[in-house]
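I have placed the structure first, in the form of structure tokens, so that the comments after it can refer back to it.
Labels below follow one simple rule: chain letters A, B, ... track the order of the sequence lines, proteins then strands, and each chain is numbered from 1. Quick caveat, the model's predicted, so the values are computed rather than measured.
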Amino acid sequence: MTPTPPFQAPTGTRDVLAPESYEWEGLVATYAELAYRYGFSLVMTPIFEDVGVFVRGLGEVSDVFRNEMYVFTDRGDRTLALRPEGTASVVRAFVQHHPTTPWKAWYVTPAFRYERPQAGRYRQHTQLGVEVIGTDDPLVDVEVIALANATYRAIGLRRYRLLVNSMGDRACRPAYVERLSAHLAAHEAELCDEHRERWRQNPLRVLDCKREPCVLVTTEGPLLLDHLCTECRVHFAAVREGLDAVGIAAEVSPRLVRGFDYYTRTTFEFVSEVLESAQNALGGGGRYDGLVEELGGPNVSGIGFGSGVERILMVREREGADEPLVRRVLDAFVVDTVGDATVQRLVETLRGAGLAVDRAYGARSMRAQMKVADRSGARAALLYGPEEAAAGAVTMRDLRAPDDEGAQRRVPLDEVAVAVRALVNGGR
RNA sequence: GUGGGCGUAGCUCAGUUGGUUAGAGCGCCAGGUUGUGGUCCUGGAGGUCGCGGGUUCGACCCCCGUCGCUCACCCCA
């Protein structure tokens, strides 16, 4: 402590202790409950995979693959990578186990990307998300978006917007990309410095560029939404109608292009209004048509979303939510100046009866133990000293009583559980 | 990968133009109150001033390097 510790959490990672960890508990519990309500089941996959899972998943030209992956070789000479996002692993698990479709799976998992850390961005962050594999029904798109939205709402987020777009599919996107490329080529000199060099690698990314030169060029260029094939147009219309039907406001954002190569048709992103910087994406996702097949499975479609836990909680704080998501309060705290086995038994009995109970350690003075009891936030203090030992009882004290009048009374040992329960439930 | 800011007690921070034993508040521990927390009072513990090197008679202060944090670019969650 005093000297510099020899080890610290690695750059871009962090420890989460109470009370912050209570927020995590609350968010994950809320999300798990909602996912269950929406008909999803939990899936857990390893946090590292054969690097090929992610190479095929993300695409070789994606930034994540090119320079952000944690790749390593194990002792068996296998090339593995820590997962940079959730979808590819889940799709791989789908292909390996072929569950009945449509398969609706939810997850919470760490994800790793080697980037410079920044507000709301870490090298290890935590993503919660879902995937639905085996149907291209637009109602599923609506459900996935609705679940994300419901989660944000449930924890109190209000100041965010939903952007949606359609990326087209194998039938219509290639032709569009050619049109776009032609347009970019004609205006190459007007693009921003970076894209003037790089636009050929992934012309769609230029649409997502926020720098003015690119914005000017692409604004007058062709939009994918105007060049969708009939099927994609119908699908996108159904998604929008479905969102409308369940009362979720969505803004069509023709320039929304997300980072991974596998997206087709529906893409969406929730952006927060309280994050000024470029890190304003709360979560996002979309449909992927070729990914399952790419990883060796049948030619079926899937859709999913991922959202960052750290970012959600940061946004929640910035929105001014001061109510903790969960309250962890002890029911009773035991103060013991006798030190025989009685208190040890009592504590276990109370815990067995479903009460949250802690005690002081180290045989300290009653005064010191009472301070600990106070700081613990427990509702009741249970004092056990020589007098109580002689009477086979404890003194139960209400630590939240406004004054000392009637704040405490003697309770026989075998009635303590009932008495504490009554006090916690508002009686005395 | 590129650039800006910052590293002094567990936490939040002071620290004069470089000068001798580095301070405060909160927190922690003990006592006042040998059976009572939340108020009050007294005392105490706790710092190789991020780390390494340099300049100087002398460095928390100046210089170089390094590590870490932070903010922005980029990318995304």
Side-chain angles (χ1 to χ4, degrees), chain A residues 1-14 17 58 62-69 83-87 108-129 148 192-195 198 202 205 208-211 257-260 269-272 275-285 305-315 333 335-338 360 362 364-390 394-404 407-408:
Chain A
M1 314 201 196
T2 331
T4 308
F7 300 110
Q8 300 178 42
T11 295
T13 68
R14 56 194 301 265
L17 319 208
L58 305 181
S62 68
D63 283 295
V64 169
F65 170 70
R66 281 185 20 244
N67 42 34
E68 295 176 4
M69 275 220 283
R83 75 158 52 113
E85 53 94 43
T87 300
V108 177
T109 179
F112 306 83
R113 289 177 209 167
Y114 192 90
E115 307 173 274
R116 282 288 284 271
Q118 197 183 142
R121 189 175 76 186
Y122 302 92
R123 287 185 177 174
Q124 173 178 341
H125 74 281
T126 310
Q127 258 183 44
L128 51 81
C192 76
D193 293 346
E194 188 191 332
H195 285 114
R198 291 210 332 180
N202 192 344
R205 303 272 335 145
D208 200 37
C209 181
K210 280 127 194 148
R211 280 182 284 260
V257 175
R258 293 182 45 80
F260 304 136
E269 192 165 283
F270 287 89
V271 296
S272 170
L275 297 179
E276 300 291 327
S277 67
Q279 263 78 275
N280 64 352
L282 214 42
F305 83 87
S307 191
V309 171
E310 292 83 358
R311 209 167 278 183
I312 292 171
L313 293 177
M314 182 173 81
V315 164
F333 193 97
V335 169
D336 170 23
T337 58
V338 176
R364 302 168 67 187
S365 71
M366 179 164 286
R367 177 189 194 178
Q369 292 190 47
M370 281 299 291
K371 279 189 83 155
V372 180
D374 182 48
R375 283 198 311 262
S376 79
R379 180 60 200 267
L382 302 174
L383 316 201
Y384 185 78
E387 289 177 25
E388 287 81 1
V394 300
T395 295
M396 180 175 80
R397 181 175 177 84
D398 182 355
L399 290 175
R400 291 194 211 148
D403 53 56
D404 288 354
Q408 62 185 48

Mind checking the [atom1] distance from [N] to [M]? Whole angstroms is fine.
N: B/U8; M: B/C62; atom1: P; answer: 15 Å
N: B/C11; M: B/G3; atom1: C1'; answer: 31 Å
N: B/U48; M: B/C41; atom1: C1'; answer: 35 Å
N: B/A9; M: B/U17; atom1: C1'; answer: 27 Å

With respect to the phosphate group of [N], does any side-chain polar atom (N or O) of [X] fall under 4.0 Å of OP1 or OP2?
X: A/Q118; N: B/C73; answer: yes
X: A/R397; N: B/G38; answer: no
X: A/R367; N: B/G32; answer: no
X: A/R121; N: B/A72; answer: no
X: A/T337; N: B/G35; answer: no

Rounded to the nearest angstrom, tell me the gap between atom [atom1] in [X] and atom [atom2] in [N].
X: A/Y114; N: B/C74; atom1: OH; atom2: C1'; value: 15 Å
X: A/L17; N: B/C11; atom1: CG; atom2: P; value: 12 Å
X: A/R14; N: B/U70; atom1: CZ; atom2: P; value: 9 Å

Any N/O donor-acceptor pair, [X] side-chain to [N] base, under 3.5 Å:
X: A/E68; N: B/G1; value: no
X: A/E115; N: B/A77; value: yes
X: A/Q408; N: B/U36; value: yes

Completion exercise
By nearest-nucleotide position on RNA chain B, the 5'-leaning member of A/R123 and A/R364 is A/R364

Problem - 5'-most by nearest nucleotide on RNA chain B - A/R375 or A/T13 - result: A/R375

Which nucleotide in the set [options] lies at the smallest distance from any side-chain heavy atom of [X]?
X: A/R116; options: B/A77, B/U36, B/A72; value: B/A72
X: A/L383; options: B/A30, B/G35, B/C29; value: B/G35
X: A/T11; options: B/C74, B/G68, B/A30; value: B/G68
X: A/A119; options: B/A72, B/A77, B/A30; value: B/A72

Using modelled atom types and a 3.5 Å cut-off, is there a donor and acceptor pairing between side-chain atoms of [X] and backbone atoms of [Y]?
X: A/R311; Y: A/A119; result: no
X: A/E269; Y: A/G284; result: no
X: A/R397; Y: A/L383; result: no
X: A/Q124; Y: A/G12; result: no

Exercise for the section: Scan for salt bridge (Lys or Arg N to Asp or Glu O under 4.0 Å) pairs involving residues 116-126 of chain A, sequence neighbours excluded, and state none if there are none. Expected result: A/E115-A/R121

Exercise for the section: Could you please spell out the steps behind the side-chain contact (heavy atoms from CB on, under 4.5 Å) verdict for A/T126 and A/E310? Expected result: CA-CA 7 Å; A/T126 310; A/E310 292 83 358; 3.1 Å; yes

Handout entry: Involving RNA chain B, stems made of at least three consecutive Watson-Crick or G-U pairs, both distances under 3.5 Å
Key = B:1-7 with B:67-73, B:10-13 with B:23-26, B:28-32 with B:40-44, B:50-54 with B:62-66

Practice task
Consider only side-chain N and O atoms of A/T395 and A/E388, and report whether a donor and an acceptor are under 3.5 Å apart.
Solution key: yes

